Amino acid sequence: MIKRSILAVLCTLALLPAAADEGMWLPSLIAPRIKDMRAKGFRLTAEDIYSVNRASMKDAVVLFGGGCTGELVSAEGLLLTNHHCGYGAIQRHSGIGHDYLTDGFWARSREEELPNEGLWVRFLVRMDDVTERLSAGETAQEIIAEATDGGRYKAAVERMYYGNQSFLFVYEQYDDVRLVAAPPSSIGNFGSDTDNWIWPRHTGDFSVFRIYADRDNRPAKYSPDNVPYRPKRYFPVSTKGVREGDFTMIYGFPGNTQQFVTADAVNYVQNISDPAKIDIRTKRLAIIKAAQQSDPALRIHYAAQHAGVANAWKKWQGEVLGLSRRGTADKKRDYERRFTEWAAGTQYQDVTAELREEHLRIIPVYFAREILNETLRALPIPYSARALEHPLFERCIPTEQALFRMMFAEYERHIGSSEYAVGEFRRGVERYGSAEAYADRIFELARTDAVNEEIKTLVDGIADNEAALRKELGTAALRNLNSARLDELYARYLRGLREFDRKRAFFPDANLTLRVAYGTVAGYEYADGEYHKPQTTLAGILAKDNPEVYDYNVPQRLRDICAAGDYGRWGVEIDGRKTVPVCFLATNHTTGGNSGSPIINGRGEIIGINFDRTWRSTMSDLEFDPAICRNISVDIRYVLFIIDKVGGAGYLIDEMDLR
Ligand code: ARG
Ligand code: GLU
């Protein structure tokens, strides 16, 4: 009886949302977090995570191709990342008779590993706080020039906390990165856009590469003489699996968050920017989808564009839902009110009012820029010769023209009467009578007469408009609602926050620099009375299987394996049934760029590869809400199972250090 109630208490505790798993910490400053990490199950030290004196986990993590993360898993330079991160490379090697995107790719020997021009990975050599050097008068250029060591390294000075602190990052870049393996898209992109940002998830979102180096293990351009890179450190692979409540850590390169923005900025995102962009993309997707459904060749032709447009489109919808349901703007408004009360009589007393005033000033400017990017700048004005020579171009004309009409009409509707509109666009609409008529004219020229004066004037007009908007905002750093003045005000506001909110553990916004996030494996309450478990299995893949639906057409090989129960050493018992785990949820704070990041257990072994977040939890770019914010990883056991049983590439597993 007593035993059972203790168990019940423990179970309830395990189901509670883990407190305060918010944070993307700078690895060199992780020491103060270690106590909390250890309490959650971490068994290693700060030096194991980041060290300049000896090999540490940071030496096993790379920035992969400028937008994703990858990790080393063997002494011979074997690297894991997501399928959607390797997609471009896989696609470029695909053709008739060797369609690796559809069928998968498994190099049977080192000789079969495929080089990829332009694909690079970067290791972080070290990071240093250079705030004082900068305030002593050194310039970022000088600091960078010194750090590159005559061209051996890449270096960058990155501003944190709106410039209150700055760090030098020194990287070593390897340029010979070869494709080793990829599952068929029906595994690597299973569920595709339908399941994207959604839980329960069953995507085997992984691909395998290998880094090559010269004979001295140094970076080198591709050469057949290059040899597999010998990393300072690589991750052992855990085959023990994960359970709800287990410690998890993510090491990777998150791209962009805006944690510190005020309620006005949240309102802008939630009520102005996201809804307008969602609406434009809904129309854009409808046009693309109609073409795809009318013609199987066009389905493939527009697949990449559809996936790209749909990804942010769906993310923004989840973000709006998350922000509105969780009341982020109200919470922030309240926080700012308390801050302002506290700030009376200090140097911070006016800062929230000034922030508000500047937000109101720049919202129309920034909005004009965003809509320009979503509409006119998203169109090929003019088409490239390559696009025009494409054998399918003729068949695309009605679709392309419809896209021009729709985008011109949307730009006109949102920005046409704003003082920040492209002048030449307004003149064109007047000359031809409507946005649609003007679109028809420009479309005709864009595909037939690239050097025409009218095309050139519009293209120049768009460029001039952009430059004017940038000038108005006073800054080129425009990934988020921002201006030079806002940057200054936020820097001051953050200095105030540190005095006001002394209990808060501050971490800088993501900016594609290396970060550590940690938390636990955890489900969440999806809706009233509806708990989402943190783990999916092969059973869910079979339940979704439908040969009629492209996104859910399970490859026959996988069906056969399941029918025969042929799971090999990867089968585990879950709820009394033999199966293979596929994906799992955890409370790690992640964002775009964390794709491909290793998810690591308390002993520093890889347990999965991060690839997504649940829909509403994408609000965590503005506010991390521990009750709902979850990242999605593919279980490393599913990766191994697919490599072994579908790829027949057990020799890759032999290279790894399985625990
Ligand atoms: N949502 C994930 C990430 O932003 C995966 C995107 C790729 N998958 C897809 N179905 N489009 O960016
Ligand atoms: N799929 C995203 C990426 O490509 C990660 C998902 C997220 O935004 O958390 O980085």
Side-chain angles (χ1 to χ4, degrees), residues 21-22 24 61-71 80-88 90-91 101 182-183 185-199 201-207 248 250-258 281 285 288-289 292 302-319 322 479 509-515 517 519 544 549-552 583 585-599 608-625 628-634:
D21 287 335
E22 173 177 15
M24 301 172 169
V61 181
V62 295
L63 178 61
F64 182 88
C68 280
T69 304
E71 56 275 6
L80 295 177
T81 187
N82 289 146
H83 184 266
H84 79 264
C85 297
Y87 193 90
I90 304 164
Q91 182 173 45
L101 268 185
S185 289
S186 51
I187 289 173
N189 188 27
F190 182 75
S192 188
D193 291 348
T194 313
D195 281 7
N196 195 18
W197 304 111
I198 296 289
W199 185 259
R201 191 65 157 277
H202 301 89
T203 313
D205 199 344
F206 78 93
S207 58
T248 57
I250 290 215
Y251 213 163
F253 289 87
N256 176 29
T257 60
Q258 29 183 351
R281 287 194 181 206
L285 287 168
I288 295 172
K289 213 170 202 145
Q292 288 184 297
Y302 282 113
Q305 190 178 340
H306 187 279
V309 173
N311 192 40
W313 168 77
K314 200 164 176 185
K315 183 203 152 171
W316 292 327
Q317 293 175 59
E319 185 171 75
R479 280 183 307 179
D509 273 322
N511 56 1
L512 214 62
T513 58
L514 189 60
R515 303 299 178 92
K544 283 177 179 173
V549 178
Y550 186 80
D551 291 355
Y552 293 131
C583 292
L585 290 179
T587 61
N588 302 77
H589 193 180
T590 55
T591 189
N594 269 125
S595 273
S597 299
I599 179 157
I609 310 170
N610 183 71
F611 70 96
D612 212 2
R613 277 174 289 173
T614 60
W615 202 31
R616 285 175 289 153
S617 76
T618 55
M619 68 178 285
S620 68
D621 290 354
L622 292 110
E623 186 203 8
F624 183 93
D625 188 323
I628 65 160
C629 290
R630 298 290 180 271
N631 63 304
I632 305 177
S633 304
V634 54

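This one's a predicted model, so the numbers in the text were calculated from it and none came from an experiment. The first residue of the sequence shown is numbered 1, and numbering continues consecutively from there. We count ligands from 1, going down the list as the structure has it; atoms in each ligand are counted the same way.
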Should Ser192 be listed as contacting ligand 1, given a heavy-atom distance under 4.0 Å as the test?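 In this structure, Ser192 qualifies as a contact of ligand 1 - some heavy atom is under 4.0 Å.
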
Whether Phe611 lies under 4.0 Å from ligand 1, heavy atom: yes

Answer yes when Lys315 and Asp621 have at least one side-chain N-carboxylate O distance shorter than 4.0 Å, and no when they do not.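 Salt bridge between Lys315 and Asp621, a charged N being under 4.0 Å from a carboxylate O: yes.
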
Quick one: look up the protein heavy atom nearest [atom] and list residue, atom name and how far away it is.
atom                    : result
atom 7 (C) of ligand 2  : Arg613 NE, 3.3 Å
atom 10 (N) of ligand 1 : Asp193 OD1, 3.0 Å
atom 8 (N) of ligand 1  : Asn196 OD1, 4.0 Å
atom 5 (C) of ligand 2  : Ser595 OG, 3.1 Å

Arg515 side chain to Thr513 side chain, donor-acceptor N/O pair below 3.5 angstrom: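 A pair is found: one side chain offers a donor N or O, the other an acceptor, under 3.5 Å apart.
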
For residues Ser617 and Ser620, is any side-chain donor paired with an opposing acceptor at under 3.5 Å? no

Which residues pass the ring-ring contact (aromatic ring centres under 6.0 Å, His included) test with Tyr302, sequence neighbours left out?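 Counting only residues at least two positions away or on another chain, Tyr302 forms no ring-ring contact (aromatic ring centres under 6.0 Å, His included).
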
Taking only residues two or more places apart in sequence or in another chain, which ones pass ring-ring contact (aromatic ring centres under 6.0 Å, His included) with Phe64? Phe209

For atom 10 (O) of ligand 2, state which one of Pro254, Ser597, Gly67, Gly593 supplies the nearest heavy atom.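 Nearest heavy atom to atom 10 (O) of ligand 2 lies in Gly593.
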
Taking the inter-plane angle between the rings of Phe624 and His589 on a 0 to 90° scale, is it parallel (under 30°), tilted (30 to 60°) or perpendicular (over 60°)?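 Rings of Phe624 and His589: tilted, as their planes differ by 30° to 60°.
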
For Asn610, run the side chain to side chain donor-acceptor pair (under 3.5 Å) check against Asn631, Asn594, Thr69, Asn588 and tell me which one passes.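 For Asn610, the side chain to side chain donor-acceptor pair (under 3.5 Å) test succeeds with only one of Asn631, Asn594, Thr69, Asn588, which is Asn631.
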
Would you name the heavy atoms of Asp193 and Asp551 that are closest together and state the gap between them? N-OD2, 4.1 Å

Compute the shortest N/O to N/O distance between Gly592 and ligand 2 and return yes if it is under 3.5 Å, no if not. yes

Heavy-atom pairs closer than 4.0 Å: do any link ligand 2 to the side chain of Phe253, the backbone, both, or neither?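 No part of Phe253 is near ligand 2 at this cut-off.
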
For ligand 2, the portion of His84 having any non-hydrogen atom under 4.0 Å away: side chain

For ligand 2, which atoms, with element, lie under 4.0 Å from some heavy atom of Asp612?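 With Asp612 as reference, the close atoms of ligand 2 come out as 6 (C).
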
Contact atoms of ligand 2, heavy-atom distance to Trp197 under 4.0 Å: 6 (C), 7 (C), 8 (O)

Looking only at distances, please establish whether an N/O atom of ligand 1 is found under 3.5 Å from an N/O atom of His84.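 No, no N or O pair falls under 3.5 Å.
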
N/O of Asp612 under 3.5 Å from N/O of ligand 1, yes or no?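 For ligand 1, there is an N or O atom that lies under 3.5 Å from one belonging to Asp612.
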
Roughly how far, to the nearest 0.5 Å, is CG of Asn256 from CG of Asn511? 8.5 Å

Checking side-chain contact (heavy atoms from CB on, under 4.5 Å) against Arg201, which of Asp195, Val634, Thr614 comes through? Asp195

Closer than 4.0 Å to some heavy atom of Asn189 - which atoms of ligand 1 meet that?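 This gives 10 (N) as the contact atoms.
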
Counting only heavy atoms, which portion of Asn311 has something under 4.0 Å from ligand 1: side chain, backbone, both, or neither?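 The side chain, only.
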
